[in-house]
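First up is the structure itself, then whatever we jot down about it.
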Protein chains: 2
Amino acid sequence: MTLRRADFIRESLEQMIVTGALANGERLDETALSERFGCSRTPLREAFQALAASGLIELLPHRGAFVRHPSLTQMVEMFEVMAELEAFCGRLAARRVTSEDLVRLHETVLACEEAVRANDHDCYYHENERFHHLLYRASGNSFLADQASRLHARLKPFRRLQLRVRGRLEQSLAEHRVILEALENGSADETAAALRDHVAVQGGKFNDLMASYNASPLSAQQA
Amino acid sequence: MTLRRADFIRESLEQMIVTGALANGERLDETALSERFGCSRTPLREAFQALAASGLIELLPHRGAFVRHPSLTQMVEMFEVMAELEAFCGRLAARRVTSEDLVRLHETVLACEEAVRANDHDCYYHENERFHHLLYRASGNSFLADQASRLHARLKPFRRLQLRVRGRLEQSLAEHRVILEALENGSADETAAALRDHVAVQGGKFNDLMASYNASPLSAQQA
DNA sequence: AACGCAATAATTGTATACAATATGGTTGAC
DNA sequence: GTCAACCATATTGTATACAATTATTGCGTT
């Protein structure tokens, strides 16, 4: 039971940052936040350390904690890395995937199909998460899986925006099917390529992303 | 000027962990360490947060901080990811590298040659670091460069052990030459492949690594 | 003798008090 | 009138005191 006050605060602040409730460049006032959370500055400062480590805020000595939303450039850079990490997961998984993994992956694809039919974006979103995390684990490299999961989590708000684009659900589902088929065939190159294309921000997707970025509350001026 | 006590402590503890001065599974006593560093528990706890974020220690609620050295399996996993990250850096750099970057890379290769002639392992080690960091930056993706640098830093103690193996210096230098040549030719595939081979733990290198791992102070029993 | 429970001790988590540093405004000189 | 230096204020960094939780040890029971 991890009932540490600091952990709760970290998660809360993380939510507030990624949802845009806290604007970019905003300074996190320790006193104000401690009153808001009904605690002292101590657990807040511990939460700050963790947030700074994951890059969500910047900690300037004797000056305070500042929210750092990724710029459009940084976001594209992160997606570029994410695409490569996922491709590598797929490459390894093509050799190492177990039959149980494949069963679970098939389940998520079926669930995704159901979600598309029902036009249930939230459901699709969650099954999509499950598909990707299963894939990370199927790589057989737990360190890689952790790294991929972390970056995946950081890109979460932007992915959510992307899925709002009309027709993206169906396209995403079709790509999942291609990935899974390549995986079952055990062809590493095809799996990797399919995942890279699935994740990478390129062509029309870039314009969609840029549009949603500009429309999102995260788009406040950069430092 | 970042003269925070907590930052100094973090670096100190980091050193103590990676050098093996702190054994695996060892519990970090807040009171004992605060006396040793001549400070209170507060900056120590902040340092713990940062160390936990980079995976060097594990923070169990109400139980304390425990040193977590990577197991041989985890180490191999990390090298597997490192190889892929560097390969990707090379792939991008092959398209994006500037002439200034190439000049600097040539300088490090020359310095490495000098170090090999003088049989100066420390000098070679530092120039090797410089070569790789230049490459990360040359990828033109600063997020990727950061991620690569972080993992590179975490693998530092093990790489140092590897370079001790007889003949490894000359082989490493030769590989640097191949990488740089591929980079100058602008051939992404060759650069990526050369870097993957350079970093990957495979064949005889695996045995060398395993031997040095078992001989190192980090090899204490896993949790 | 072994197991379980309870009280005690030790350690972590949090609050508060104090010290050090940066920021902003005011005053003075040029 | 502008710039620079200095002081006042606010905020961060650290120390210490207190609360909450866990580990340990001893005792009693089976």
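Order of the sequence lines sets the chain letters (A, B, ...), proteins ahead of strands, with each chain counted from 1.
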**Report entry** D:dG13 phosphate, OP1 or OP2, under 4.0 Å from B:Arg4 side-chain N/O
**Finding:** yes
**Report entry** Any pair counted as salt bridge (Lys or Arg N to Asp or Glu O under 4.0 Å), so long as it reaches residues 46-57 of chain B, sequence neighbours left out
**Finding:** A:Arg45-B:Glu46, B:Arg4-B:Glu46
Query raised in the report: Can you check the A:Leu59 CG to D:dT11 P distance for me, whole Å?
Result: 16 Å
Query raised in the report: Starting at CG of B:Leu60 and ending at C1' of D:dT22, how long is that distance when rounded to a whole Å?
Result: 12 Å
**Report entry** Below 4.0 Å: OP1/OP2 of C:dT23 and any side-chain N or O of A:Arg63
**Finding:** yes
Requested in this report: Could you check how far CZ of B:Arg5 sits from C1' of D:dG13, rounded to whole Å?
Outcome: 12 Å
Query raised in the report: How many Å lie between NE2 on A:His62 and C1' on D:dT12, as a whole number?
Result: 6 Å
Query raised in the report: If you check every side-chain atom of A:Arg27, which of D:dT11, C:dT12, C:dT14 has the closest atom?
Result: D:dT11
Report summary line: Applying ring pair (Phe, Tyr, Trp, His ring centres under 6.0 Å) to A:Tyr136 and not counting sequence neighbours gives A:His133, A:His152
Query - Qualifying salt bridge (Lys or Arg N to Asp or Glu O under 4.0 Å) pairs, either residue in residues 132-147 of chain A, two or more places apart - result: A:Arg137-A:Asp146
Query raised in the report: Got a sec, which residues hit side chain to side chain donor-acceptor pair (under 3.5 Å) with A:Asn128, two or more places apart in sequence or on another chain?
Result: A:His132, A:His176
Report summary line: When rounded to whole Å, the CD to C1' distance for the pair B:Glu30 and D:dT22 reads 14 Å
Query raised in the report: Among residues 31-55 of chain B, which residues get a heavy atom nearer than 4.0 Å to DNA chain D?
Result: B:Cys39, B:Ser40, B:Arg41, B:Thr42, B:Pro43
**Report entry** Between P of D:dT11 and CG of A:Leu28, the distance in whole Å
**Finding:** 14 Å
Requested in this report: Please list all pairs passing the side-chain hydrogen bond (donor to acceptor under 3.5 Å, both in side chains) test where one or both residues lie in residues 50-61 of chain B, with sequence neighbours left out.
Outcome: B:Glu58-B:Arg68
Query raised in the report: Rounded to the nearest Å, what distance is computed from the CZ atom of residue B:Phe66 to the P atom of nucleotide C:dT11?
Result: 12 Å
Requested in this report: Indicate yes or no: at least one non-hydrogen side-chain atom of B:Glu80 is less than 4.5 angstrom from one of A:Phe88.
Outcome: yes
